[in-house]
Amino acid sequence: MATVARVVLDSPLPQLDRLFDYRVPAEIEDDCVPGVRVRVPLRSGARMTDAYVVEIVADDALSPENDFPGELSAVEELVSPVPVLAPEVWQLARAVADRAAGVASDVLRLAVPTRQVRPEKAWLARDRGHVPPRVTAVPVEGYGDAVLEGVIDAGGRAAVSAIPHPVLLAAPTTTAADDADSTGDADSTDTGDADSTGDPDTADSTSPAPTWVPGWAATLAQAAAHTLAGERSAVIAVPDFRDVADLERALLVLVPAERVVRFDAKQTNGQRARALLTARTHPVVAIGSRAAVYAPASELGLIALWDDGDPSFAEQRAPYVHTRDVALVRTAQSGAALLMVSHARSTDVQRLVELGWLREVSPYRARVPKVIPTAHQTNADGYAAQARIPSSAWRAAREASHDGPVLVQVSNPGFGTGLVCTECGERAHCRVCGGPLGSPHAGSTPQCRFCGALAAGYRCPTCGNGRLKPVGQGAQRTADELGRAFPNTRIVVADGSRPIDEVPARPAVVVATRGAEPDVAGGYACVLLLDGERMLAREGLRVQEDVLRIWANAAAKGAPGAPVYLVGIGGKLANAMALWRLDVPAHEELTDRRELFFPPAVRVATLTGTDEAVTGAIEALGDAPVGPVLGPVPVDDPTPGTVRAIVRFPYGHGTEVAATLKAEVIRRSSTRRVVKGGTKRRAAPALRVRMDDAEPFSEV
DNA sequence: AGCACGCCGACT
DNA sequence: GTCGGCGTGCTC
């Protein structure tokens with residue numbers, strides 16, 4: 001009896017985004033299993049396409065009325081007998097693509113690394129019956145008696161407020177197993193002497209030394225260890241590379257290295273391929289940035305995200321699906337538990353909480369940061385007056401700097417955000433492109449921040465004066481100021497171009513741009529959050545939640561109960577920080593967005609293309625949209641004559657809207673336009689659809 | 001993507 | 001009468 005392989009083609013064409021059937025030649029029948037890569041002929045024999053086998057069916061199980069009625073072509077080649085596409089990852093890719101009106105093979109490109117021969121051979125040669133060391137159960141500390149364990153074991157879902165300070169994480173004692181007398185207080189984490197009883201059930205004969213890790217990392221490592229102890233996998237996605245490092249450090253205290261696999265952008269393809277195959281072999285904890293959420297972890301028991309509001313979770317490649325959404329789809333498909341851990345709450349998670357879909361879990365008696373808001377004066381130009389740091393904060397910082405490091409968070413790197421004329425205060429602009437001038441170093445030649453042109457010999461066009469001074473404060477400038485104010489203290493600057501992962505727990509002033517704050521064992525003695533006002537002045541739908549997130553994450557780098565000065569901020573946001581009730585602004589923000597039909601209260605789709613295609617797509621949607629359709633308006637991107645429109649629709653219509661838009665894309669892709677003019681050349685697709693853009697209104 | 005199929009203008 | 005233009009549609 002012959003068999004038929006049902007395959008997904010590795011092609012970005014939407015009209016090919018469905019399964020195709022091929023005959024399986026007898027020679028490869030044994031190895032042609034779901035998940036393997038094959039090459040198949042597509043259209044008139046000679047040309048080959050890469051594909052993954054998704055399903056093997058007996059050809060007498062095909063029904064003539066439902067399946068392809070013609071003669072099947074044969075699979076041309078089995079590329080490798082290693083099944084790299086796990087069935088659940090295929091299901092995930094399909095659902096994620098459908099949700100985004102996108103193409104499944106685009107999702108697969110994010111989920112499956114390109115073929116690597118060496119790791120595959122190593123995997124095939126290896127004893128697949130290998131049993132990895134067992135993982136000792138540890139309690140998830142700080143959340144009351146087995147609260148999070150209960151969520152995980154029940155396949156539940158929770159929005160978890162992270163423990164807002166560093167935690168000293170110690171390896172479980174070899175007797176471990178029962179969590180009976182957990183105090184539920186992360187501060188009391190047992191330092192535990194490094195025992196060397198050499199329990200054969202644990203990976204190493206010597207336990208790792210206790211390590212300071214961020215509170216969230218301790219919680220997620222313990223949650224993962226709990227999941228692994230039940231022989232189930234955990235998948236944990238975090239925004240960036242440094243978070244991966246923190247989490248890995250925490251995990252290696254609790255679980256054998258063999259059980260931890262990484263997926264991140266800095267890996268080579270070979271490393272990713274190895275991680276992928278390991279994850280399929282036995283239960284692991286898969287950690288990493290966006291790609292980790294697609295890890296083919298066997299027996300999935302837990303999916304978790306740290307800081308889901310971080311913009312890094314927005315995928316940059318088609319179909320632009322946010323890691324949070326992938327996690328939600330995967331949770332629904334797998335029945336695994338879901339933990340959304342953060343300090344600040346995203347409006348997206350708040351929506352799920354208000355729906356009752358996520359349960360709220362907070363630390364039990366956590367010591368929250370002692371946030372002290374100090375509203376402050378600005379001068380008439382709107383620039384911070386000389387007293388940038390209020391005297392109370394000065395005093396506290398100076399005092400704290402005797403005991404340990406003080407963190408100073410600023411919004412921008414370098415020396416300042418702009419230059420103004422010393423005489424008339426006019427902002428200096430580039431003579432080439434009109435962009436703002438800045439100075440990368442003290443006293444260096446002014447340079448355009450947009451086009452990079454140097455502006456030597458600049459004269460103010462208003463008053464003719466030739467001298468400029470910086471306005472706004474970058475990290476370097478702040479560091480210089482503080483250096484004068486703290487004469488005998490070490491000053492450290494950390495920003496995007498000079499990243500510092502960790503500073504010693506010694507007196508120092510650490511000036512860091514938002515998001516680049518180094519860790520310190522035990523936490524900072526004091527935290528100053530300086531440029532809040534400027535950060536809030538940005539345009540955008542998510543500025544407020546983003547700024548809260550940035551503040552909260554820095555505040556949580558302080559030692560338990562350390563003072564945190566929130567400079568120049570009053571009102572609701574200051575209140576939320578002071579009370580450490582970061583859900584309140586999220587609730588209010590979400591309420592506003594419901595009234596305005598803005599995401600995430602509703603979903604959005606951005607339609608780009610020819611006027612006819614965009615208008616046609618809007619008509620095809622019928623009455624699914626809510627709120628007025630925005631546009632179509634002309635945009636000359638990617639080609640002149642293009643228009644863009646934004647439609648908004650309730651979550652309940654998502655499936656229908658995505659399917660309709662995908663059908664429109666397919667319809668328009670078969671009739672391609674030819675640009676008028678002498679030489680005919682291929683034009684942009686007549687219709688492009690992007691769903692759930694985080695900042696959909698920024699360009700319309 | 002590519003390539004075949006199909007219905008209207010100037011050529012042996 | 002036919003050769004060939006590229007719009008349209010399909011790919012197991």
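First the proteins, then the strands, lettered A, B, ... as listed; each starts at 1.
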>> From CZ of A/Arg39 over to C1' of C/dC12, roughly how many Å is that when rounded to an integer?
In response: 16 Å
> What is the distance, rounded to the nearest whole Å, between atom CD of A/Gln15 and atom P of C/dG9?
Replying inline: 12 Å
>> What's A/Tyr22 touching, base or sugar-phosphate or nothing? Going by heavy atoms closer than 4.0 Å.
In response: sugar-phosphate
> Is the NZ or CZ atom of A/Arg690 both under 6.0 Å from the centre of the six-membered ring of A/Tyr320 and within 45° of that ring's axis?
Replying inline: yes
> Is there aromatic stacking of A/Phe20 against C/dC12, centre distance under 5.5 Å, plane angle under 30°?
Replying inline: no
>> Rounded to whole Å, please give me the gap between CG in A/Leu9 and P in B/dG2.
In response: 14 Å
> Rounded to whole angstroms, how far apart are CD on A/Glu55 and P on C/dC12?
Replying inline: 19 Å
>> Please tell me if A/Arg47 has a side-chain N or O lying less than 4.0 Å from either OP1 or OP2 of B/dC3.
In response: yes
> Once you round it to whole Å, what is the distance between P of B/dC3 and CG of A/Leu13?
Replying inline: 14 Å
> Between B/dA4 atom C1' and A/Leu42 atom CG, what is the distance in whole Å?
Replying inline: 14 Å
> What nucleic acid atoms does A/Leu72 come within less than 4.0 Å of, heavy atoms only: base, sugar-phosphate, or nothing?
Replying inline: sugar-phosphate
>> Using a strict threshold of under 4.0 Å (side-chain N to carboxylate O), is an ion pair present between A/Arg324 and A/Asp307?
In response: no
> If you measure from OG on A/Ser342 to CG on A/Asp310, what distance do you get to the nearest 0.5 Å?
Replying inline: 11.0 Å
>> What is the separation between atom CG on A/Asp10 and atom P on B/dA1, rounded to the nearest whole Å?
In response: 15 Å
> A/Thr347 and A/Glu589: side chain to side chain donor-acceptor pair (under 3.5 Å), yes or no, with the steps?
Replying inline: CA-CA 7 Å; A/Thr347 47; A/Glu589 185 91 37; over 6 Å; no
> Whole Å only: how far is the CZ atom of A/Arg668 from the C1' atom of C/dT8?
Replying inline: 14 Å
